[in-house]
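These notes concern the structure reproduced below.
As a basis for the values below, the full set of heavy atoms in this structure was taken, side chains included, without hydrogen atoms, waters or symmetry mates. All chains are named by letter (A, B, ...) in the order of the sequence lines, taking the proteins before the strands, and each is independently numbered beginning at 1.
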Number of protein chains: 2
Amino acid sequence: MIPVKRVTLQDVATHAGVSMKTVSNVVRDYPHVSPAMRERVQAAVAELGYRPNLRGRSLATGRSNMLALAFPDLRRPYFAELAHVFARVSAARGYRLLLEETGGTPDGERAVLRDREAGIVDGVVLHPQALRATDLEAYREDTPLVFLGEDPQPSGADQVAIDNVAAAEQAVTHLVRLGRRRIGFLGHETGPWSFTSTLRLDGYRAGLERAGHRFDESLLVARAEGDALGAEAALGAALDDGLEIDGLLCRDDLAAIGALRALLVRGLHVPCDVAVVGWDATVLTASTVPSITSVAPDTVELASRALDLLLERIDGLDAPGRHVTVGHDVLVRESAPEP
Amino acid sequence: MIPVKRVTLQDVATHAGVSMKTVSNVVRDYPHVSPAMRERVQAAVAELGYRPNLRGRSLATGRSNMLALAFPDLRRPYFAELAHVFARVSAARGYRLLLEETGGTPDGERAVLRDREAGIVDGVVLHPQALRATDLEAYREDTPLVFLGEDPQPSGADQVAIDNVAAAEQAVTHLVRLGRRRIGFLGHETGPWSFTSTLRLDGYRAGLERAGHRFDESLLVARAEGDALGAEAALGAALDDGLEIDGLLCRDDLAAIGALRALLVRGLHVPCDVAVVGWDATVLTASTVPSITSVAPDTVELASRALDLLLERIDGLDAPGRHVTVGHDVLVRESAPEP
DNA sequence: GCGCGACTATACAGCGCTGTAAATCTGAGA
DNA sequence: TCTCAGATTTACAGCGCTGTATAGTCGCGC
């Protein structure tokens with residue numbers, strides 16, 4: 001029932017009485033094949049149940065039709081959703097997507113470029129967290145590469161991101177329009193800030209200043225762990241310590257979810273006492289109580305543009321690093337409603 | 001700066017003045033190589049920056065050291081977390097993991113077995129949703145395969161799952177011990193039930209009967225969409241329609257999250273008015289308000305056992321299908337606390 | 001000083017497929 | 001009927017690597 005050995009191109013060729021190359025041409029839809037020949041070969045293919053061996057093809061062509069998407073952690077909903085979108089978009093372009101978790105560590109991020117993808121992938125899209133693009137470029141092999149996320153210190157590589165500063169400013173402005181005066185920021189790293197956090201904090205500050213509010217470092221709440229529990233613990237501790245806020249911009253939705261819990265458990269009502277804005281607009285933020293207003297990056301556009309750039313590089317484009325900005329939105333829901 | 005052409009094994013061999021095979025032996029840690037030779041070759045490798053080309057190796061050995069994990073949808077937190085665990089566990093065994101979404105559709109599930117993995121992966125772990133293992137076996141190629149999820153109609157293939165019936169029964173028992181009498185079930189499919197739903201409903205029913213409660217079909221709430229919003233809509237409609245419950249077992253955590261919102265929005269308190277139990281114990285259920293009591297499958301064990309079985313098949317084991325059950329737990333939190 | 005066994009290193013073929021260039025075929029015009 | 005351009009088909013080499021079989025090397029005991 002299970003064939004001992006896979007059917008090979010040569011088997012089909014022999015069976016159909018033609019050359020191997022002709023079978024190859026038929027299988028790959030090469031145009032200059034006569035209809036009669038095409039039919040004959042297709043019959044043989046069907047009869048023997050032939051399926052091309054991707055390894056052999058890949059070795060011969062030097063292409064694998066696979067791309068890699070590397071990001072910190074699949075368990076963070078944003079990345080899971082991003083991966084989903086990337087998989088769709090790259091499938092639509094005829095590429096399979098290999099998903100790779102870096103753990104958000106320097107080693108993990110370097111490893112992606114240095115070791116892992118060697119020769120099994122045609123290109124890599126990397127969303128770094130610990131390292132910046134400029135640091136990572138040194139480790140780059142000859143595989144085409146596109147960075148996700150806006151590195152403030154632009155590198156020579158292609159890069160796609162939303163405008164974090166503008167988005168954060170916009171989110172703060174939304175809170176200001178709700179009459180909030182003591183607007184905090186939750187969720188950046190306790191250690192050195194990732195560049196994403198840095199940018200969002202920049203925008204947060206800009207938003208405050210634009211509204212004539214004073215930037216107050218005591219309203220910044222870092223978290224030790226990048227998940228919801230870490231955010232809950234951090235904000236909880238700060239609140240218990242006397243922190244007073246009436247608005248909160250979160251670095252990401254996980255922080256917002258943790259914030260919700262920290263606030264509600266302490267009897268603070270959202271949005272009446274504290275209005276909360278998350279970031280990424282992951283699907284679950286529509287189902288919390290209250291649902292969470294969140295900054296929504298255009299992930300489809302993000303994926304499309306990133307793959308555009310990457311495929312151009314794969315096709316041999318040699319050009320300086322290009323930096324593309326894609327759109328975003330503030331998705332208004334219950335945690336920070338319309339004024 | 002970027003080498004025009006990758007360094008090949010032959011380049012290293014020439015550079016070190018040895019044969020290609022010797023370099024290969026060094027690179028792959030073949031034992032019978034003299035220390036001096038090993039050192040010389042390693043120096044050449046380092047000097048030229050050689051990295052083995054996985055495509056070539058894969059063609060020569062017939063192995064790719066990659067496995068595929070296929071499941072319905074990455075956006076569902078359970079699968080994202082499962083994928084994360086599988087990736088770790090398989091990395092620990094020296095395999096990379098290719099993640100594949102089937103969309104939960106018959107075509108998607110068939111495609112995984114039939115087209116997609118042809119020759120690029122050494123084995124496949126498939127978590128079906130639309131089709132049962134027995135249906136899928138027909139499409140199986142010669143790639144080793146392990147099913148995830150307990151198909152009530154055991155197939156000839158290997159299978160790993162938790163005991164869904166026992167777990168559901170246990171969850172219901174927990175609700176009963178909280179004094180709940182009208183315990184509903186939320187989240188199975190509106191169309192034909194998946195076998196997972198079927199089993200969990202079986203256990204739900206068994207739990208009720210064991211407690212001497214009557215099984216009442218009007219307490220079953222199906223959802224059209226397999227996400228939280230779908231569950232919220234379904235339960236909301238049922239409640240508005242007069243459904244009265246004081247306990248609720250959900251097919252998965254997304255259903256529980258949707259349920260929370262449907263209940264709270266209608267002024268019902270969880271757990272006082274309605275106690276809720278979710279399923280999968282995804283991390284986010286610790287951060288909702290209230291946090292969600294949930295059935296926790298032992299995913300690490302699930303992944304380990306599945307890979308054990310798969311690797312044995314890859315090593316050529318020829319045996320009838322084996323069916324492994326891994327452990328689970330009811331993780332008690334606020335939505336259905338200890339009595 | 002020689003022969004043998006145990007290790008090491010090498011040569012060669014080939015994994016399954018595709019690119020290139022050359023061979024073959026077709027049919028129209030002379 | 002013959003020639004030649006254009007369209008199909010084929011032969012061959014080789015992508016980068018590893019398994020097998022073979023050759024080479026060394027040390028040791030007689």
Rounded interatomic separation in angstrom, taking CG from B/L54 and P from C/dG16:
18 Å
Given that B/G56 and B/V33 both sit by DNA chain C, which one's nearest nucleotide is further toward the 5' end?
B/V33
Taking the axis from the first five pairs and the axis from the last five, what angle separates them in the helix from C/dG1-D/dC30 to C/dA30-D/dT1, rounded to 10 degrees?
60°
I want to check something: taking the side chain as every heavy atom from C-beta on, are B/V89 and B/Y95 in contact at a cut-off of under 4.5 Å?
no
Testing the basics here: between A/V121 and A/T143, what is the closest heavy-atom pair and its distance to 0.1 Å?
O-CG2, 4.0 Å
Identify whether any heavy atom of B/T22 sits under 4.0 Å from a base atom; if not, whether one sits that close to sugar-phosphate; answer base, sugar-phosphate or nothing.
base
I want to check something: taking the side chain as every heavy atom from C-beta on, are A/Y50 and A/L9 in contact at a cut-off of under 4.5 Å?
yes
A/S34 vs D/dA7: side-chain N/O to OP1/OP2 distance below 4.0 Å
no
Which of the following nucleotides, C/dC17, D/dC17, C/dT10, is nearest to the side chain of B/T8?
D/dC17
So, is B/T61 close to the D/dG19 phosphate, meaning a side-chain N or O under 4.0 Å from OP1 or OP2?
no
Least distance between heavy atoms, A/R63 atom then A/D315 atom
NH2-OD1, 4.1 Å
Can you list, in residue-number order, the parts of residues 37-45 of chain A that come under 4.0 Å of DNA chain D, counting heavy atoms only?
A/M37
Do the side-chain N or O atoms of B/S19 get closer than 4.0 angstrom to the phosphate oxygens (OP1, OP2) of C/dA9?
no
A/Q10 has an atom CD; how far is it from atom C1' of C/dC17, in whole Å?
11 Å
Minimum heavy-atom distance A/L309-A/V146, with the two atoms named
CB-CG2, 4.0 Å
Distance in angstrom units between B/R63 CZ and C/dG16 C1', rounded
18 Å
Whole angstrom is fine here: how far is it from NZ in A/K21 over to C1' in D/dA13?
13 Å
Please state whether the phosphate of C/dC7, meaning OP1 or OP2, lies under 4.0 angstrom from any side-chain nitrogen or oxygen of B/H32.
no
Within the 3.5 Å criterion, strictly below it, is a donor on B/T14 or B/Q10 matched to an acceptor on the partner's side chain?
yes
Rounded to the nearest angstrom, tell me the gap between atom CG in B/L9 and atom P in C/dC15.
19 Å
Just wondering, do B/T196 and B/Q129 contact through their side chains at under 4.5 Å, heavy atoms?
no
Please give, in whole Å, the distance from D/dG14 P to B/M20 CE?
13 Å
Whether the side chain of A/E81 engages the backbone of A/V283 through a donor-acceptor N/O pair (distance < 3.5 Å, no angle test) should be reported.
yes
In sequence, state the C-alpha distance, the side-chain angles, and the governing distance for A/R38 and A/D29, and then conclude on side chain to side chain contact (heavy atoms under 4.5 Å, CB included).
CA-CA 9 Å; A/R38 181 178 304 275; A/D29 275 329; 3.6 Å; yes
The residue, B/N25 or B/L59, whose nearest nucleotide of DNA chain C is more 5′ is B/N25
Let me know the distance between CZ of B/R57 and P of C/dC15, rounded to the nearest Å.
19 Å
Whether A/S24 contacts C/dC17 is assessed here as follows: a side-chain N or O lying under 4.0 Å from the phosphate OP1 or OP2. Is that the case?
no
Can you find a side chain N or O atom of B/R6 that sits less than 4.0 Å from OP1 or OP2 on D/dC17?
no
Could you state the CZ-P distance from A/R51 to C/dG16, rounded to the nearest angstrom?
17 Å
How about B/S64 and A/R55: do any of their side-chain heavy atoms sit closer than 4.5 Å?
yes
Looking at D/dT18, I'd like to know if its phosphate oxygens (OP1 or OP2) sit under 4.0 Å from a side-chain N or O belonging to B/R28.
yes
Base, sugar-phosphate, or nothing: which does B/Y30 touch, judged by heavy atoms less than 4.0 Å apart?
nothing
